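This report concerns only the one structure given below.
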Amino acid sequence: MVNYIIVTGGVISGLGKGITAASIGKILKLHGYKVTAIKIDPYMNCDAGTLRPTEHGEVWVTEDGGEIDQDLGHYERFLDINIPKCQNITTGQVYGAVIEKERKGEYLGKTVQPIPHVTDEIKRRVRKPAQDSSYDFVIVEIGGTVGDYENVLFLEAVRQMKHEGDKVLYVHVTYVPVLEALGEAKTKPTQHSVKLLRGIGIQPDFIVTRSEKALDDVRKEKIALFCNVHEDDVISDSDVDNVYAVPLLFEEQFLCRKILRKLRLRRDHNELKIWKDFISNIRNFEEVVTIGIVGKYFDIGSSKLSDSYISVIESIKHAAWNNGLNPKIKWIDSKIFEKKPDEITCLNSVDGVVVPGGFGLSGIDGKIRTIQYVREHTIPYLGLCLGMQLAVVEYARNVCNLEDANSSEIDKKTTHPVIDFIPEQVNILQESRYGATMRLGAYPAILKKGTIVQKLYGKNKIYERHRHRYEVNPEYVDILEKEGLVFSGRSPDRILMEFMELPDHPYFVATQAHPEFKSRPMKPAPLFEGLINAAKKKNLPLKLETSV
Ligand code: GLN
């Protein structure tokens with residue numbers, strides 16, 4: 001019988017509930033269990049595709065084309081699995097389904113109500129993955145914080161699951177602040193948060209406390225008493241230097257053993273050593289590789305949000321670690337180069353540059369200047385989606401002499417739309433059907449023999465995930481190739497250009513896809529591996545610096 005671990009959050013948002021949920025999944029997987037995860041997002045949107053990255057972080061794309069909250073990325077990376085889009089549940093989807101059923105007469109004669117009809121629909125979706133394949137554990141993370149209006153029906157649904165006989169454990173993640181003036185860790189917010197949860201009818205089995213420093217025994221006892229849990233079941237989740245070390249932090253507190261004991265399961269397998277060795281190796285790497293991410297989704301109010309590019313960052317880390325290097329990321333806002341063109345020389349201080357995906361007009365000019373600079377100054381470059389489109393625009397303008405070449409996303413009137421709509425997109429945009437209508441999910445590409453890209457992948461046919469509406473205009477392929485640009489991968493019908501490279505550059509590679517969604521610790525994405533390889537050769541001997 002499948003076991004559900006329900007992860008809820010309290011006190012504040014942005015606690016790292018996703019990392020906690022992924023880490024619990026990881027220790028169970030390392031003990032030999034088959035694990036998957038579900039993310040519940042209580043917003044009314046049907047998916048994350050229409051959310052602004054600076055507000056909500058990156059949009060994660062699944063193999064089957066779902067546009068989902070970035071937490072799904074943590075699960076895929078930690079658990080090294082592909083998760084289908086049906087394992088993201090939002091209020092929009094649930095209400096949409098209930099209303100559709102009501103219109104079809106499926107509730108004929110009944111008053112359709114939040115309880116039981118909405119909660120039944122939620123439970124149906126939560127139980128579905130385990131009905132379709134055999135899992136030992138399904139980790140279910142409920143977004144938001146206890147006390148929010150919007151997640152209350154989800155909490156009610158998972159409460160009902162235990163009542164109905166499902167094997168369920170509840171893990172509540174809270175925040176324990178330390179007031180600087182007092183120098184004391186305060187447990188009251190946790191007490192209140194658990195009180196709210198118990199008011200809904202959920203008694204947590206474990207309380208995971210996020211804090212800067214490890215929680216001491218006095219605070220553990222207090223939380224245990226006030227929250228009705230055993231002291232041993234208060235798990236300290238203090239800040240660590242590396243998110244991939246969180247599973248080890250839990251393991252040191254025997255969380256896996258405690259979970260299994262509560263569920264009367266045995267441990268018969270242990271692969272923890274592989275993970276421990278991985279983390280301790282990383283901690284010993286001294287040589288630094290510095291990669292500049294030239295993007296635009298950094299600012300929200302007065303704070304900076306690196307979550308907009310989280311998968312790109314993680315991919316850089318995976319590839320650097322695989323090369324025995326300590327990654328250092330430099331944030332570069334492309335708009336700076338528009339205001340202060342001389343600042344472009346700051347690119348000399350990095351070992352490699354990534355221009356990631358993006359939408360809309362702002363920051364485009366700065367990105368094109370970046371690409372021209374790295375091309376002319378032989379700085380290793382990896383372009384992702386928009387980063388490939390702009391590499392084509394730059395090449396068309398500055399090498400093929402097509403002066404006003406552009407993407408029609410940026411300039412509808414350009415005489416040389418070297419990047420243009422994918423034909424199917426025309427009607428979609430005319431009818432303003434923006435949700436879930438891009439070219440989404442994994443598509444195959446056939447790689448050209450002997451190219452950098454083909455050598456990096458080590459095979460001829462590969463699948464990468466996509467999220468875009470525009471593509472290289474087939475009418476310009478010959479002109480670009482005649483001037484030296486190589487399209488090293490195309491769709492099987494050869495119409496869509498999926499990869500490009502410049503053979504006379506140390507590493508100038510770009511793709512229409514998003515290989516960052518397939519990178520995993522210990523299994524880096526090939527194009528990032530190529531970037532790091534080239535970057536580490538850029539400035540020999542390597543500099544010694546502390547990583548950030
Ligand atoms: N805006 C571009 C397009 O839609 C690029 C998208 C992206 O970078 N993911 O094609």
Side-chain angles (χ1 to χ4, degrees), residues 47-54 56-63 65-68 70 73 293-298 307-313 315 334 353-368 370-371 381-394 396 405-412 414 417-430 432-443 445 464-474 476 487 491 495-500 509-519 525 527-528:
D47 56 41
T50 50
L51 295 174
R52 188 182 301 129
T54 44
H56 209 83
E58 156 194 280
V59 176
W60 175 261
V61 181
T62 58
E63 203 68 4
E67 296 171 284
I68 294 172
Q70 53 165 322
I293 299 181
V294 182
K296 65 169 179 176
Y297 302 122
F298 294 126
D307 275 6
S308 317
Y309 298 114
I310 181 120
S311 294
V312 176
I313 298 166
S315 305
S334 64
V353 167
V354 176
V355 171
F359 295 82
L361 310 188
S362 84
I364 293 289
D365 196 39
K367 288 182 186 176
I368 295 177
T370 301
I371 294 167
Y381 174 70
L382 176 59
L384 305 171
C385 200
L386 181 68
M388 164 156 159
Q389 297 175 355
L390 297 182
V392 169
V393 169
E394 190 278 320
N406 217 330
S407 161
S408 52
E409 180 184 11
I410 299 153
D411 178 6
K412 288 193 174 43
T414 171
V418 288
I419 304 294
D420 206 358
F421 289 118
I422 305 171
E424 303 89 86
Q425 289 290 327
V426 179
N427 288 344
I428 290 173
L429 290 179
Q430 271 167 4
S432 301
R433 286 187 283 118
Y434 288 107
T437 52
M438 286 190 232
R439 182 170 178 249
L440 289 167
Y443 282 92
E464 289 287 10
R465 301 183 192 176
H466 292 68
R467 182 172 186 252
H468 59 120
R469 296 190 198 277
Y470 295 82
E471 260 284 349
V472 175
N473 184 341
Y476 289 88
F487 287 109
S491 56
I495 293 173
L496 304 178
M497 302 299 120
E498 300 283 35
F499 293 87
M500 61 154 282
V509 169
T511 174
Q512 189 53 77
H514 288 278
E516 66 270 28
F517 295 132
K518 287 207 178 181
S519 177
L527 298 193
F528 283 87

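In each ligand, atom 1 is the first atom listed, and ligand 1 is the first ligand listed. These numbers were taken from a predicted model, which means no experiment stands behind them.
In terms of protein heavy atoms, atom 4 (O) of ligand 1 is closest to Arg469 N, 3.0 Å. Counting only heavy atoms of the protein, atom 7 (C) of ligand 1 lies nearest to Cys385 SG, 2.9 Å. Among protein heavy atoms, the minimum distance from atom 1 (N) of ligand 1 is reached at Glu409 OE1, 2.8 Å.
Here Glu516 contributes atom CD and Glu464 contributes atom CD; the two are 8.5 Å apart, rounded to the nearest 0.5 Å. The distance from the CG atom of Leu440 to the CZ atom of Arg465 is 12.0 Å, given to the nearest 0.5 Å.
Backbone and side-chain nitrogen or oxygen atoms of Met438 are examined, and none is located within less than 3.5 angstrom of a nitrogen or oxygen of ligand 1. In terms of polar-atom proximity, Gly358 is counted as a contact of ligand 1, with an N or O under 3.5 Å from an N or O of the ligand.
Side-chain atoms of Gln389 and Ser407 form no donor-acceptor pair, as typed in the model, at a separation below 3.5 Å.
Put simply, part of Gln389 is less than 4.0 Å from ligand 1, judged by heavy atoms. At least one heavy atom of His514 sits closer than 4.0 Å to an atom of ligand 1.
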#### Entry: Met438/Phe359 under side-chain contact (heavy atoms from CB on, under 4.5 Å): CA gap, chis, key distance, verdict
CA-CA 12 Å; Met438 286 190 232; Phe359 295 82; 3.7 Å; yes
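A distance below 6.0 Å separates the ring centres of Tyr470 and Phe421.
Contacts with ligand 1 closer than 4.0 Å are made by backbone heavy atoms (N, CA, C, O) of Arg467 only, the side chain lying farther away.
Under a 4.0 Å N-O distance rule, the pair Lys367/Glu394 does not qualify as a salt bridge.
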